[in-house]
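Comments concern the structure below.
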Amino acid sequence: LGFPGDSMRIRSYEKGESSKLELIAPRAFMGLGLARYAIDPQLDRNRVEDYYRGEIAGYARRVESGRGDMAIFVAEEDEAVAGYIVMEVEEPRTAQFGVPWGRIVSLAVDPDHQFRGTGKALISRGLDWLSSRGVEYAEVLTDQNNVAAQRAYEASGFRAVYASITLSRRLDPTS
Ligand SMILES: CC(C)(COP(=O)(O)OP(=O)(O)OC[C@H]1O[C@@H](n2cnc3c(N)ncnc32)[C@H](O)[C@@H]1OP(=O)(O)O)[C@@H](O)C(=O)NCCC(=O)NCCS
């Protein structure tokens, strides 16, 4: 435990393989029942799954479109896609604060491949990419109850700096 097997490797996302990542997204995010949409019983499960699939599909399209401010790295284990990380150089914040700024946009490891260091290996590769783009400050947002993600980020040198909550209420559409 804790060490990626010899068969694990991290590589860049290849054009046309979005559907492989779309299989992992709902398994990783809904399996643990941690992310905000995954735990809201008012939301239809199928739509939540679609949401997670659509999210990674959108990032994949953006990378495929050739915009250089986003990159996806894929973890492969025994030729199977085990996880992915989405990175972004944040031009608006870089301009706003005068610090070359980047973030981890998304990270997911398939439940069948978790606890073996794949998450940390993906984070490390993603941070190397940000560094290669001149980034000096990296951020990531995660849920307060997502202990696995916090552990993985803390093990990679991140420290918690801010926490927020989401509030919601029902409205009567007829009034
Ligand atoms: C977060 C996630 C990517 C971690 O992937 P992973 O490959 O299992 O992570 P690693 O094996 O590299 O472990 C990283 C650290 O987290 C710890 N960890 C992993 N899963 C954990 C869990 N469920 N509970 C507590 N700690 C956990 C590991 O022990 C390790 O800590 P250490 O270095 O101090 O020993 C994975 O759990 C996942 O895909 N979760 C669902 C999606 C998600 O939450 N993504 C992040 C959203 S911001």
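In this text the structure is predicted, and so the values were computed from the model without any measurement. As the structure lists them, so they are numbered: ligands from 1, and atoms in each ligand from 1.
- By the ring-ring contact (aromatic ring centres under 6.0 Å, His included) test, Tyr52 is found to be paired with Phe29, residues two or more places apart in sequence or in another chain being considered.
- Under a 4.0 Å criterion applied to the non-hydrogen atoms of Thr142, ligand 1 contributes the atoms 48 (S).
- Within ligand 1, counting atoms from 1 as listed, the ones closer than 4.0 Å to a heavy atom of Ala149 are 1 (C), 46 (C).
- A donor-acceptor pair under 3.5 Å is formed between the side chain of Gln150 and the backbone N or O of Asp143.
- Atom numbering of ligand 1 starts at 1 in the shown order; those under 4.0 Å from a heavy atom of Ala108 are 39 (O).
- Checking Leu130, Val63, Val140 one by one against Met87, the side chain to side chain contact (heavy atoms under 4.5 Å, CB included) holds for a single residue, Leu130.
- In this structure, of Arg151, Gln150, Lys120, the residue bringing a heavy atom nearest to atom 32 (P) of ligand 1 is Lys120.
- Applying the 4.0 Å criterion to heavy atoms of Tyr153 picks out, from ligand 1, the atoms 46 (C), 48 (S).
- Residue Ala152 has at least one heavy-atom neighbour below 4.0 Å for each of these atoms of ligand 1: 14 (C), 15 (C), 16 (O).
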Could you give me the CA-CA distance, side-chain angles and deciding distance for Ser156 and Tyr153, then say whether side-chain contact (heavy atoms from CB on, under 4.5 Å) is met? CA-CA 5 Å; Ser156 305; Tyr153 296 134; 5.6 Å; no

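- If you number the atoms of ligand 1 from 1 as listed, the ones under 4.0 Å from a heavy atom of Ala28 come out as 39 (O), 41 (C).
- Within ligand 1, the atoms closer than 4.0 Å to a non-hydrogen atom of Ala155 are 33 (O), numbered from 1 in the order shown.
- Side-chain atoms of Ser131 come within 3.5 Å of backbone N or O of Leu127 as a donor-acceptor pair.
- For Asp128, the salt bridge (Lys or Arg N to Asp or Glu O under 4.0 Å) criterion is met by no residue, not counting sequence neighbours.
- For ligand 1, the atoms lying closer than 4.0 Å to a non-hydrogen atom of Asn146 are 43 (C), 44 (O).
- Looking at heavy atoms from C-beta onward, His113 lies out of side-chain contact with Met8 at the 4.5 angstrom threshold.
- Considering backbone and side-chain N/O of Gly119, one or more are found under 3.5 Å from N/O of ligand 1.
- Not one N or O of Leu141 is nearer than 3.5 Å to an N or O of ligand 1, by distance alone.
- The CZ atom of Arg93 sits 9.0 Å away from atom CD of Glu88, with the distance rounded to the nearest 0.5 Å.
- For Glu154, no heavy-atom contact with ligand 1 is shorter than 4.0 Å.
- For the side chain to side chain contact (heavy atoms under 4.5 Å, CB included) with Val86, the lone residue among Ile56, Ile104, Leu21 that qualifies is Ile56.
- Of the N or O atoms in Val140, none lie within a sub-3.5 Å distance of an N or O in ligand 1.
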